[in-house]
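Numbers restart at 1 for each chain; the letters A, B, ... are given by sequence-line order, proteins then strands.
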Amino acid sequence: MVAHLGADFFDRSVHEVAPALIGCELTYRGVGGPIVEVEAYDQTDAASHSYKGRTDRTDVMFGPAGRVYVYRSYGIHWCMNLVCDREGYGAAVLIRALEPRHGIEQMRERRGGRGDRELAAGPGRLTQALGITSELNGASIGKDLRVTPRTGQEQVAVGVRIGISVAVGQPWRYGRTDSRYLSRPIRPKAP
DNA sequence: CAGTGGATGCTCT
DNA sequence: GAGCATCCACTGT
């Protein structure tokens, strides 16, 4: 029985939680590994789904911390977030990449036999590798989905977020400096 | 390598 | 009807 993070870990500013998640192990039904890349989104942020207020889609973002917000991206992919901050405030961390460590064979099957570097390097790839869909939207962490604390010190790099068209200069992307499993290299500022 | 465009579904205007 | 918190295949250096 390994200790895992509960709702209290997430019940604070997303800007504290996001960097603290780097190096924590995330597994869904035993499949996963250490998180190497995340992005923070909060209610005052024009790039956040919660920016324009609570809607049917974004409802989970405004709920209690420690729940899972899953949305469809570009009509094809699923992206997974962990909800942060107090109830009523819309904030979440987008999980963008992890290092494959547990259940690698299952990840390979789900990802069409791609190389290890392409199993979970990117938010759409990660959910596909772990078998996460909208069925998980609104679920609480701690059962099928677990996050365990990191064991050592991590070198966390900070950069600008990817794939957005507003608030592009905000340094709210975090990642392990030395990881081979990032979706893209971390750049301090947009070029 | 870098750059481009298509796939595809849903939310919000 | 526009626009997306993406990925992949394909092209050309």
Enquirer: Using a cutoff of under 3.5 Å, can you pull out all pairs of nitrogen or oxygen atoms linking the protein to nucleotides 7-11 of chain B, with atom names and distances?
Expert:
residue, atom, partner, partner atom, Å
dT8(B), O2, Tyr74(A), O, 2.3
dG9(B), O4', Gly75(A), O, 3.2

Enquirer: Once rounded to the nearest 0.5 Å, what's the spacing between atom OG1 of Thr177(A) and atom CG of Leu182(A)?
Expert: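 Reported to 0.5 Å precision, the distance equals 8.5 Å.
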Enquirer: Any side-chain donor-acceptor pair under 3.5 Å between Glu39(A) and Tyr41(A)?
Expert: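 There is such a pair between these side chains.
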Enquirer: Do Gln128(A) and Arg111(A) have a side chain donor and acceptor closer than 3.5 Å?
Expert: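 Per modelled atom types, Gln128(A) and Arg111(A) side chains form a pair under 3.5 Å.
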Enquirer: For the residue pair Glu25(A) and His102(A), confirm or rule out a side-chain donor-acceptor distance under 3.5 Å.
Expert: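 Per modelled atom types, Glu25(A) and His102(A) side chains form a pair under 3.5 Å.
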Enquirer: Nearest whole Å is fine: how far is dC4(C) P from Leu94(A) CG?
Expert: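 In whole Å, dC4(C) P lies 16 Å from Leu94(A) CG.
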Enquirer: Figure out the NZ/C1' separation between Lys52(A) and dC4(C), and round it to whole Å.
Expert: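 Rounded to the whole Å, the gap is 11 Å.
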Enquirer: Does Arg111(A) have a side-chain nitrogen or oxygen under 4.0 Å from the phosphate oxygens OP1 or OP2 of dC8(C)?
Expert: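 Yes, such a contact exists.
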Enquirer: Regarding Arg96(A), tell me which of base, sugar-phosphate or nothing describes its non-hydrogen contacts under 4.0 Å with the strands shown.
Expert: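 Counting heavy atoms under 4.0 Å across all strands, the contact made by Arg96(A) is with sugar-phosphate only.
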Enquirer: Expressed as a whole number of angstroms, how long is the span from Trp78(A):CH2 to dT6(C):P?
Expert: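 Whole-Å distance recorded here is 15 Å.
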Enquirer: What are the residues of residues 35-47 of chain A, sorted by number, that bring a heavy atom to within less than 4.0 Å of DNA chain C?
Expert: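 DNA chain C contact set from residues 35-47 of chain A: Tyr41(A), Ala47(A).
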Enquirer: Need to verify one output field. Residue with the more 5' nearest nucleotide on DNA chain C, Arg114(A) or Ile162(A)?
Expert: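 The residue closer to the strand's 5' end, by nearest nucleotide, is Ile162(A).
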Enquirer: Taking the six-membered ring of Tyr174(A) as reference, does the NZ or CZ atom of Arg176(A) fall below 6.0 Å from its centre and within a 45° cone about the axis?
Expert: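 Cation-pi check for Arg176(A) and Tyr174(A): fails.
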Enquirer: Near DNA chain C, under 4.0 Å by heavy atom, which residues of residues 119-137 of chain A?
Expert: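 Heavy-atom cutoff 4.0 Å gives Gly122(A), Pro123(A), Gly124(A), Arg125(A).
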Enquirer: Distance check needed: dG3(C) P versus Ile164(A) CD1, whole Å only.
Expert: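 Rounded to the whole Å, the gap is 17 Å.
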Enquirer: How long is the straight-line distance from CG of Leu98(A) back to SG of Cys24(A), given to the nearest 0.5 Å?
Expert: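 So the gap between those two atoms works out to 12.0 Å.
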Enquirer: Would you compute the distance between atom OH of Tyr71(A) and atom OG of Ser134(A) and round it to the nearest 0.5 angstrom?
Expert: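 If I round to the nearest 0.5 Å, the distance is 13.5 Å.
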Enquirer: Ignoring hydrogens and geometry beyond distance, is a side-chain donor-acceptor pair present between Ser183(A) and Arg96(A) at under 3.5 Å?
Expert: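 Indeed, the side chains of Ser183(A) and Arg96(A) share at least one donor-acceptor pair under 3.5 Å.
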Enquirer: Say you draw a straight line from CG of Leu130(A) to CZ of Arg125(A); how long is it, rounded to the nearest 0.5 Å?
Expert: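 Rounded to the nearest 0.5 Å, the CG-CZ separation comes to 14.5 Å.
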Enquirer: Tyr71(A) has an atom OH; how far is it from atom C1' of dG3(C), in whole Å?
Expert: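 Roughly 14 Å, once rounded to whole Å.
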Enquirer: Could you state the interatomic distance from CG (Asp144(A)) to OG1 (Thr27(A)), rounded to the nearest 0.5 Å?
Expert: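 The OG1 atom of Thr27(A) is 9.5 Å from CG of Asp144(A), to the nearest 0.5 Å.
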Enquirer: Paired with dA2(C): which nucleotide, if any, by Watson-Crick or G-U wobble criteria at under 3.5 Å for both distances?
Expert: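 Base partner found: dT11(B).
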Enquirer: Report the C-alpha distance between Tyr89(A) and Asp42(A) in whole Å, list the side-chain angles of each, state the deciding distance to 0.1 Å, and finish with yes or no for side chain to side chain donor-acceptor pair (under 3.5 Å).
Expert: CA-CA 8 Å; Tyr89(A) 188 85; Asp42(A) 87 78; 2.7 Å; yes
Enquirer: So what does Arg173(A) hit on the nucleic acid, given a heavy-atom distance under 4.0 Å: a base, only sugar-phosphate, or nothing?
Expert: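 If one applies the 4.0 Å heavy-atom cut-off, Arg173(A) turns out to touch nothing in the nucleic acid.
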Enquirer: Looking across every strand, which nucleic acid part, if any, lies under 4.0 Å from Asp56(A) by heavy atom: base, sugar-phosphate, or nothing?
Expert: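 No contact.
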